[in-house]
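Before any comments, here is the structure.
Just follow the structure's listing: the first ligand is 1, and inside any ligand the first atom is 1. All values below come from the heavy atoms of this structure, side chains included, with hydrogens, waters and symmetry mates left out. Heads up: numbering here begins at 1 and tracks the sequence.
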Amino acid sequence: MFKVLVIAESSGDRLNVSTLEVCRAASELSAHLGGHWGMLVDQRAADSAGGLAPEVSVYDLQGVAYAGPEMLSDIAAQVARAVDMVIMPATSTGKDVMGRLAQKLDAPLAQDCTGFEVMAGSPVFKRALYGGKVIAHVKLSGELSLVSFRPRSYEPILQSDEVVKARPCELLLPELKAAVTLRSKASSQRPEVTEASFVVSGGRGLQGPENWHVLEDLLDALGPDAALGCSRPVSDENWRPHSEHVGQTGRAVAPDLYIAVGISGATQHVAGIARSKCILAINKDPAAPIFKVADYGIVGDLFEVVPSLAAAIRSGP
Ligand SMILES: Cc1cc2nc3c(=O)[nH]c(=O)nc-3n(C[C@H](O)[C@H](O)[C@H](O)COP(=O)(O)OP(=O)(O)OC[C@H]3O[C@@H](n4cnc5c(N)ncnc54)[C@H](O)[C@@H]3O)c2cc1C
């Protein structure tokens, strides 16, 4: 019977949203291929996994704060041979783990997929190329295949009432050259830019880091499921952290609503936002290329438009 294994990413006792999305992909894959699926998870998050996956295997990091790609790929390599397919979210950690796993197990890998279809009984994975202009259909051959799915390609799986007892795995922890002993959350309580339903991104039009409060006010009006993004020059100038950089060389986002503020719409930026369900552009230049990809556009000075928009959202329909 075809077996799919999800390698979970977790923070403390909580599974990351991108892992819940990949669980949905695993459930659909096993349903289409007549198999079953399970999850490999850090012991600390085992309780969260209990009502989600039909089978849960846990490993104990024995005091190590966080399993980075080096450790996680070593752990996954010990169980991957018992399954037909291993999947992970295509986060920076997930892509790193899967690359290492492919090398360790000499297995074929499709990174950053956005979906799959079954053709002649085999899964064929979809990958967006050239900023989403071309969709490659990738078929993997071999006894074991590895796939990472781009965040927000699937709806997160929902908790079921069924409690599944986690099964501990007897695994050897690798000897690491460097181990993470402490992880603390950055001061922002905002979701990751790849996981948020609303993303407000600022570009060079903001003129400097001191003006970001304008976007933060809009973010507050949108609520807790909104995250900040930025264009590459903004992070290159250290106005904002690189984790917020959106585009071809940054994070690919797929929110329900992407608001591009003072961003011209260069192809490299647009490559990272093409999967947004709706794009609103705010730019003072009516000829800015961002308006070609936007669903809605406001031509005007962002320092006037954004506060009015935030006020309108706060006052409701
Ligand atoms: C190999 C390579 C990879 C790259 N990867 C990325 C990437 O991943 N992501 C990325 O973003 N870029 C990337 N770039 C850079 C990209 O080509 C653009 O240079 C960059 O996206 C432009 O950033 P911007 O829109 O913030 O700035 P600009 O192009 O300078 O645009 C600023 C915009 O703000 C508007 N504006 C100014 N003042 C106001 C105001 N008061 N009110 C309203 N609007 C205003 C202007 O009309 C203008 O359209 C890459 C480039 C290369 C060569």
Side-chain angles (χ1 to χ4, degrees), residues 90-96 111-112 114 127-134 148 150-153 190 192-196 198-219 221-222 226-255 257-313:
T91 53
S92 48
T93 301
K95 285 195 273 191
D96 195 338
Q111 291 273 42
D112 207 22
T114 54
R127 293 186 65 216
L129 303 177
Y130 304 112
K133 291 193 175 70
V134 175
S148 68
R150 189 178 280 190
R152 291 182 70 85
S153 294
R190 296 270 167 209
E192 284 278 305
V193 71
T194 50
E195 295 183 350
F198 304 105
V199 174
V200 179
S201 269
R204 259 198 300 228
L206 267 287
Q207 294 168 17
E210 67 281 3
N211 291 326
W212 242 258
H213 64 91
V214 176
L215 300 191
E216 275 159 6
D217 183 50
L218 176 56
L219 225 62
L222 287 166
L228 273 179
C230 67
S231 65
R232 176 166 155 174
V234 164
S235 61
D236 284 350
E237 293 286 337
N238 276 329
W239 294 0
R240 298 298 304 171
H242 274 286
S243 56
E244 292 177 7
H245 157 196
V246 171
Q248 184 185 309
T249 46
R251 319 287 287 272
V253 299
L257 175 63
Y258 184 82
I259 306 183
V261 183
I263 290 179
S264 58
T267 48
Q268 296 91 349
H269 187 83
V270 170
I273 65 171
R275 286 170 57 248
S276 305
K277 290 200 182 120
C278 182
I279 297 174
L280 164 65
I282 300 170
N283 199 302
K284 68 177 182 185
D285 176 6
I290 191 74
F291 289 124
K292 292 203 179 108
V293 295
D295 299 284
Y296 299 94
I298 302 175
V299 178
D301 185 338
L302 71 91
F303 295 104
E304 291 167 15
V305 174
V306 176
S308 310
L309 185 59
I313 292 169

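Looking only at heavy atoms of the protein, atom 53 (C) of ligand 1 is closest to Gln268 NE2, 3.9 Å. Nearest protein heavy-atom contact of atom 22 (C) of ligand 1 is Pro233 CG, 3.7 Å. For atom 5 (N) of ligand 1, the nearest non-hydrogen atom of the protein is Thr249 OG1, 2.7 Å. The shortest contact between atom 30 (O) of ligand 1 and any protein heavy atom is with Arg204 NE, 3.0 Å. The nearest heavy-atom contact from the protein to atom 9 (N) of ligand 1 is Val246 O, 2.9 Å. The nearest protein atom to atom 44 (N) of ligand 1, hydrogens excluded, is given as Lys284 N, 3.1 Å; this is a heavy-atom distance. Here the heavy atom of the protein found nearest to atom 36 (N) of ligand 1 is Gly205 CA, 3.7 Å. Protein heavy atom at the shortest distance from atom 40 (C) of ligand 1 is Leu302 CD2, 3.6 Å.
Listed by atom number, the atoms of ligand 1 under 4.0 Å from Asp301 heavy atoms are 40 (C), 41 (N), 42 (N). Of all the atoms in ligand 1, the ones that sit under 4.0 Å from a non-hydrogen atom of Gly250 are 8 (O). Within ligand 1, the atoms closer than 4.0 Å to a non-hydrogen atom of Gln248 are 7 (C), 8 (O), numbered from 1 in the order shown. Below 4.0 Å from some heavy atom of Ala266 lie the following atoms of ligand 1, by number and element: 16 (C), 17 (O), 18 (C), 21 (O). Near His245, meaning under 4.0 Å from any of its heavy atoms, are these atoms of ligand 1: 7 (C), 8 (O), 9 (N). The ligand atoms of ligand 1 that sit less than 4.0 angstrom from a heavy atom of Gly203 are 26 (O).
No side-chain heavy atom of Val306 sits under 4.5 Å from any side-chain heavy atom of Val200. Side-chain contact between Ile259 and Leu222 is present, with at least one heavy-atom pair separated by less than 4.5 Å. No side-chain heavy atom of Ser243 sits under 4.5 Å from any side-chain heavy atom of Val193. For the pair Val234/Leu206, no side-chain contact is recorded, criterion being any heavy-atom separation below 4.5 Å from C-beta on.
Nearest heavy atoms, Ala254 versus Arg152: O-NE, 2.7 Å. Between Ala226 and Ala196, the shortest heavy-atom contact is C-CB, 4.3 Å. The shortest heavy-atom contact between Val246 and Tyr258 is CG1-OH, 3.9 Å. When every heavy atom of Leu219 is checked against every heavy atom of Ala227, the shortest pair comes out as CD1-O, 3.6 Å. The shortest non-hydrogen separation linking Trp212 to Leu228 is CD1-CD1, 3.9 Å.
With no hydrogens or angles considered, a side-chain donor-acceptor pair links Arg275 and Ser153 at under 3.5 Å.
Counting only non-hydrogen atoms, the option in Arg232, His269, Glu237, Gln207 that gets closest to atom 1 (C) of ligand 1 is Arg232. Which of Asp285, Val234, Val306, Asn283 comes nearest to atom 49 (O) of ligand 1 through a heavy atom is settled by distance: it is Asn283.
Ligand 1 has an N or O atom lying under 3.5 Å from an N or O atom of Gly262, backbone or side chain.
Among residues two or more places apart in sequence or in another chain, the side-chain contact (heavy atoms from CB on, under 4.5 Å) test is passed with Val270 by Val293.
The closest approach between Gly300 and ligand 1 falls below 4.0 Å for a heavy atom of the residue.
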